[in-house]
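Numbers here simply count residues along the sequence, with the first being 1.
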Amino acid sequence: MPAHLRRLVVVGGGIAGVCCAEELCKLCADDPVLLVSASSTIKGVDNIVKHTKTVEEFEIVERDLNTLPYSNLQVLQAAAVGIDVEKHNLILEDGTKIAYDSLCIAAGAVPKAPLVSTAHVLMLRDSGSIQELSHRLRSAKRVMIVGNGGIALELAQSLQGYEIIWVMRHSHIGDAFFDRDAAEYLLGQLRGPETASRSILPTEGSWRSRAPDRAARHYASEQQLSSWCCRTDGEEQHAKAPSGLPTCAGLGHVTLEHDCEVTSIKEGLSPADSLQEGHPRVQVLLSNGHRHAADLVVFATGVVPNTGWLPPELERGPADGGVAVDASMQSSVPGIYAAGDCCWVRPEARGPQWFQMRLWTQARAQGLYVAKCMSGTADPLELGLPFELFTHVTRFCGQKVVLLGLYNGQRLGSEPPGDIVTYARTLAGKAGNSFARVLLLRGRLQGAVLLGETELEETFENLILDGIDLSRYGPEFMDPDIDLQEVFD
Ligand code: FAD
């Protein structure tokens, strides 16, 4: 190989690795790019819809390893087991050494709980396990979901017609994404429009009388510091069914077991516990003493960075062992970069309204950006751009969910509670129901949760990035009769 060319190597065929490899092929058309992936398929993105400058929605597609159309790209299906950082070699499981000048580690994450999947217990960790799930669901009637992150949320809404027992450590659904108000709104949507408009949504026009009250309630609870993350207590609990547990009619039958964990799983049930003849069964004991029989237990309890195979020279993040990277996604070893679920972004690289959450959006943004950093084509003005503002778009119960900035008060735990205000509004209109909640710190917008078609994302994105003082508006800021776009453009 001519001496002036660089050997660019990427480990991982997930979104981060594939976005990085594709971008490298474009930016460095003469340099050889090698993508090493343990899996036989690779992930890519398709149907990208750009809602705002930083808010994107897209679909994840799986492709065969050899379908990437770049003449300077070579794809190798193999597992990497180590790196010789002195000699700049990536080591594969068959002992092969691959020399690199620049290396990107995008090896993703592995399930947090070391539980082993059995005939009646399944760990959700990737698209392969999702396929396994759909297979096992065919013989199940009662399914227990364990976990409360995005995966558990998606699963709960997609299991229509099943009897669901949903076990979570938190006090309300979707703790990773939503506070109590947003969660209640979504539960209302699950229960169906009739219940939703009765129990949650004020009718159109009732916002004016409701807003100050809401604002006051939020404000009061903020005095208890970080309680706007909404731990349950007293009367703020969900309305309860006679069994003591809420049910969601829109989902079939759902039993929520919150503030608890799975203590043990016993395979095989006594005839008295039988659900239905011929079905596989387990009995699950929870930390609150409740017992449940189920046909299938699905764990969606989160992941940790897949970095166990990496050498100690690469500094790790303190919380979860992700490869520590700086604003240019470089690790503590020059020439070695990391992106996606396996990395940990150093605090000094994070913008004030960004935090790390292991999501497709961040994997894609980091994959594209790390390629620029590796190729040396990143504009100095672009430095740290993917870490400027947290954004995520997803769908829940068919509703658009947009999360912006510090929407749930992430990173604001040390701020005086009196400096933080949240305002929320729910609207039921002909165009559909919607919910919006904003969080302000000393009058400046820090984050927002937008459920349904609110059309507020661009305005709020700009207000967060521009840091405009909004104190003088008070709760009127959320008045649906005020055209914020017009006011602030
Ligand atoms: P991955 O997609 O995990 O890819 C890692 C790649 O590295 C794989 O190709 C793997 O084979 C390869 N690899 C690993 N180790 C090695 C090795 N030693 N050598 C060679 N190759 C290796 N996020 C969302 O935003 N929305 C969702 O709805 C959503 N749903 C999810 C559902 C499930 C079940 C799970 C588990 C996660 C979900 N996520 C979701 C999170 C999202 O999938 C991840 O944040 C994202 O895929 C991370 O991309 P990545 O490229 O960093 O890692």
Check for a donor-acceptor pair, side chain of [X] on one end and backbone N or O of [Y] on the other, with a separation under 3.5 Å.
X: Q446; Y: R444; result: yes
X: S332; Y: E313; result: yes
X: E59; Y: V45; result: no
X: Q362; Y: M357; result: yes
X: S331; Y: I336; result: yes
X: W354; Y: L406; result: no
X: T307; Y: G321; result: yes
X: T301; Y: G147; result: no
X: D295; Y: V143; result: no
X: D94; Y: T96; result: yes

Worksheet item: Side chains of E257 and H292: is there a donor and an acceptor less than 3.5 Å apart?
Response: yes
Worksheet item: Going by atom types alone, do E461 and T52 pair a side-chain donor with an acceptor below 3.5 Å?
Response: yes
Worksheet item: So F390 and Y407, would you call those rings parallel, tilted or perpendicular, with 30° and 60° as cut-offs?
Response: tilted
Item to complete: Any chance you could lay out the salt bridge (Lys or Arg N to Asp or Glu O under 4.0 Å) test for R346 and E315, step after step, and finish with the verdict?
Response: CA-CA 11 Å; R346 293 180 189 275; E315 205 182 306; 3.1 Å; yes
Worksheet item: So, R7 and D101, do they make that salt bridge, N to O below 4.0 Å?
Response: yes
Worksheet item: Salt bridge check: are E62 and K43 linked by an N-O gap of less than 4.0 Å?
Response: no
Worksheet item: Please walk me through it: do Y70 and V33 pass side-chain contact (heavy atoms from CB on, under 4.5 Å)?
Response: CA-CA 9 Å; Y70 301 95; V33 178; over 6 Å; no
Worksheet item: Passes salt bridge (Lys or Arg N to Asp or Glu O under 4.0 Å), K400 versus E453? Steps please.
Response: CA-CA 7 Å; K400 186 161 127 192; E453 294 299 333; 3.5 Å; yes
State, to 0.1 Å, how close [X] and [Y] come at their nearest heavy-atom pair, and which atoms those are.
X: A152; Y: I145; result: CB-CG2, 4.0 Å
X: I265; Y: F299; result: CD1-CE1, 3.8 Å
X: L24; Y: A371; result: CD2-O, 3.6 Å
X: A349; Y: V345; result: CB-CG1, 3.9 Å
X: S40; Y: L65; result: O-CG, 3.2 Å
X: L450; Y: A436; result: CD2-CB, 3.8 Å

Could you tell me if the side chain of [Y] sits less than 4.5 Å from the side chain of [X], heavy atoms only?
X: D31; Y: N72; value: no
X: L439; Y: I420; value: yes
X: I83; Y: I105; value: yes
X: R6; Y: S102; value: no
X: P305; Y: R316; value: no
X: R364; Y: E56; value: yes
X: V49; Y: V393; value: no
X: H258; Y: N288; value: no

Worksheet item: More than 12 non-hydrogen atoms from neighbouring residues, nucleotides or ligands closer than 6.0 Å to CD on E86, yes or no?
Response: no
Worksheet item: Does NZ in K50 sit with more than 12 non-hydrogen atoms of other residues, nucleotides or ligands closer than 6.0 Å?
Response: yes
Practice prompt. Report the distance from atom OG of S375 to atom NZ of K26, rounding to the nearest 0.5 Å.
Written response: 12.0 Å
Worksheet, complete the sentence: The residue among V9, V10, L8 that forms side-chain contact (heavy atoms from CB on, under 4.5 Å) with Y100 is V9
